[in-house]
Every structure is written in structure tokens, then in C-alpha cells.
Amino acid sequence: MLVSAKEMLDKAKAGHYAVGQFNINNLEWTKAILQTAQELNSPVILGVSEGAGKYMCGYTTVVGMVNGMIKELGITVPVALHLDHGSYDHCYKCIEAGFSSIMFDGSHYPIEENVAKTKELVAAAHAKGISIEAEVGAIGGEEDGVIGKGECADPQECKAVADLGVDFLAAGIGNIHGKYPANWEGLSFETLDAIQQLTGDMPLVLHGGTGIPADMIKKAISLGVAKINVNTECQLAFAAATRKYIEAGKDLEGKGFDPRKLLADGSAAIKATVKEKMELFGSVGKA
Ligand code: 13P
């Protein structure tokens with residue numbers, strides 16, 4: 001059964017570890033992530049961007065697929081199905097479709113409008129037992145065509161949004177989606193510390209988990225980060241493994257490649273990436 005991400009993240013914050021949000025794009029990714037979480041006895045959050053939701057044939061299809069897998073694979077660890085960077089409209093679509101968690105990305109609105117819309121969505125989500133993440137300060141890089149700068153959030157604005165009743169909060173601290181440029185200045189721990197001092201027990205979320213050095217991840221967790229999002233790293237691992245399979249010429253005489261074998265190699269690569277992240281984040285055995 002899908003669960004809200006609130007309880008698992010409150011526990012993570014109190015226990016000084018982080019739960020990984022791994023974005024899904026198809027059946028193979030979803031299955032690989034769920035199996036790894038079960039094997040490692042770790043809670044997990046499946047992230048779905050609006051683009052990925054559209055690709056996978058809409059949110060009700062995603063909910064059906066994930067619920068089916070939880071049943072068929074005998075998954076017993078806590079699993080949250082979470083809308084990643086949701087617009088106002090899509091938050092409602094996911095609440096209706098049966099997601100157990102949503103993120104409202106109102107960071108591009110003026111703060112007053114972000115606050116008003118967040119408040120309304122908090123009430124709608126909580127009425128159905130669904131957790132909600134809000135964002136303050138745009139996360140840099142490109143995600144689904146949306147380009148952000150990688151700014152640092154204003155700690156006072158973070159407190160104002162946290163006080164609206166959201167369950168966890170993404171705050172920009174110089175993090176970027178995708179690969180970090182060579183001249184990246186690193187995470188602003190000063191900003192993170194100021195945010196955590198003002199927001200207390202609120203679990204904080206670190207987007208752009210790909211390519212952040214292990215020591216920075218550990219420091220961020222020590223300063224209140226309880227959820228870390230990873231997408232690009234799974235994508236790179238999947239692409240490398242499937243490319244290798246094709247380059248090895250494992251095609252069948254006159255029948256092309258066996259899609260299941262090709263994707264099985266991609267899935268194995270995702271499993272290895274997810275395992276490495278769960279170990280780094282400290283969520284292994286915490287289900
Ligand atoms: P990366 O693609 O950099 O891992 O970021 C993922 C993310 O933050 C999804 O919201």
C-alpha cells in the first residue's frame with residue numbers, strides 16, 4: 001500500500017538520515033527501485049515529474065502500475081508516490097489519481113501567491129491523508145524544460161512557507177538539477193543552517209542529488225536534510241548499460257534485440273545506483 005511521505009521523513013529527520021526520492025520513467029525503473037528498497041529494507045519515494053507522468057500515459061496509469069507492483073512483488077517497505085515539481089493544476093490531478101504525496105513548486109510565483117496557493121493545496125492534500133512538499137528559492141538547472149538559476153532561499157520565506165502546514169520543504173541552497181558545472185561553488189551550508197534554525201523539526205529536501213560529493217551529502221543530512229532527490233544519475237547509469245548491451249552486438253539473428261534482456265541490463269544499473277545512494281543516505285534498514 002502506498003503511504004504518505006510524512007511519517008518516513010519525520011523519522012528520518014529525527015534519526016539523522018535521509019530517504020531517497022528516485023524519479024521513475026517507465027516500468028523497468030519503477031520495478032528496479034522498488035526491489036532495491038525491499039532488499040535493503042529501506043523506505044523509498046518514487047518521484048514522478050509532469051513530463052514522466054505524461055509519458056507513462058497519465059497519473060492513473062502510474063498509480064495502477066505502482067500499486068500492482070507493490071502487490072505482485074510483495075513490497076512491504078513504506079513507499080510514497082510523489083508528484084515532483086507539480087504545478088497547481090497537476091497537484092489536483094495527482095490528488096484525484098491516488099498519489100500519496102505531492103510537491104507544489106510555486107517558487108516562480110511572487111511569495112504572496114506561492115503562499116496562497118500552497119495554503120489551499122495543503123488543505124486539499126491533508127483532507128486525503130496526502131503529504132505535501134513546497135519549494136522556496138528556485139533549484140538551478142533544467143528539469144522538464146523549466147530552467148532555474150540555483151539561488152539560495154531566504155530563510156525567513158522558508159519559515160513563512162513551513163508555517164503553512166507543509167510536511168517537508170525544498171529550499172534552494174545552490175543546488176542544481178543535472179550535472180554540476182566544474183565551477184560550481186558547492187552547497188551553501190550557511191543558508192541551510194539558517195533555514196533549519198528557523199524551521200525546527202521540518203524535514204528539508206535537497207533536490208539535484210546527482211553529483212553532490214558524499215561529504216556534502218552527509219553534512220546536509222547533519223543540518224536537517226531528510227529527503228534527497230536523484231534522477232540524472234539513474235538516467236546516466238541506465239543509458240550506459242543499455243548502450244553497452246547494444247554495442248556488444250547481442251542482437252538476435254534477424255530479430256533485433258530482445259527488449260527484456262536489453263532493459264534488464266539497464267535495470268541492473270539502476271539497482272546498483274539506488275543501492276549506493278540508500279547506503280550513503282543512511283536509509284538502509286530503516287523501513
Ligand atoms: P538530479 O537529476 O540532479 O538528480 O535531480 C533530481 C531532482 O531533484 C528531481 O526533483
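Keep in mind that this is a model prediction, so the values were computed, not measured. Both counts, for ligands and for their atoms, begin at 1 and track the order of listing.
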Would one find an N or O of [X], backbone or side chain, under 3.5 Å from an N or O of ligand 1?
X      : answer
Asn229 : yes
Val230 : no
Gln21  : no

- Polar contact flag, side-chain donor to acceptor under 3.5 angstrom, Asn175-His207: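 No, because no side-chain N or O of Asn175 sits under 3.5 Å from a partner of the opposite role on His207.
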**Prompt:** Does any donor atom in the side chain of Tyr92 or Glu120 lie under 3.5 Å from an acceptor atom in the other side chain?
**Reply:**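 Yes.
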Applied to residues 23-44, the ring-ring contact (aromatic ring centres under 6.0 Å, His included) test, sequence neighbours excluded, yields Trp29-Phe238
Check whether NZ of the Lys or CZ of the Arg Lys277 lies under 6.0 Å from the centre of the six-membered ring of Phe22 and within 45 degrees of that ring's axis.
-> no
| Lys117 to Phe104, cation-pi by 6.0 Å centre distance and 45° axis angle |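 No cation-pi geometry.
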Any Gly209 heavy atom less than 4.0 Å to ligand 1:
yes
Go through ligand 1 atom by atom and flag the ones less than 4.0 Å from a non-hydrogen atom of [X].
X      : answer
Gly178 : 1 (P), 2 (O), 3 (O)
Thr232 : 1 (P), 2 (O), 3 (O), 4 (O)
His207 : 8 (O), 10 (O)

Restricting to non-hydrogen atoms, name the atom on Thr191 and the atom on Ala153 that form the minimum distance, rounded to 0.1 Å.
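Looking at all heavy atoms of both residues, the shortest contact is CG2-O, 3.5 Å.
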**Item:** Per atom 7 (C) of ligand 1, closest listed option by heavy atom (His177, His85, His82)
**Value:**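 Minimum heavy-atom distance to atom 7 (C) of ligand 1 goes to His177.
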Asn26 meets the side-chain hydrogen bond (donor to acceptor under 3.5 Å, both in side chains) criterion, sequence neighbours left out, with none
request  = Quick one: look at Asp84 and ligand 1, take heavy-atom pairs under 4.0 Å, and tell me if it's side chain, backbone, both or neither.
outcome  =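 Side chain only.
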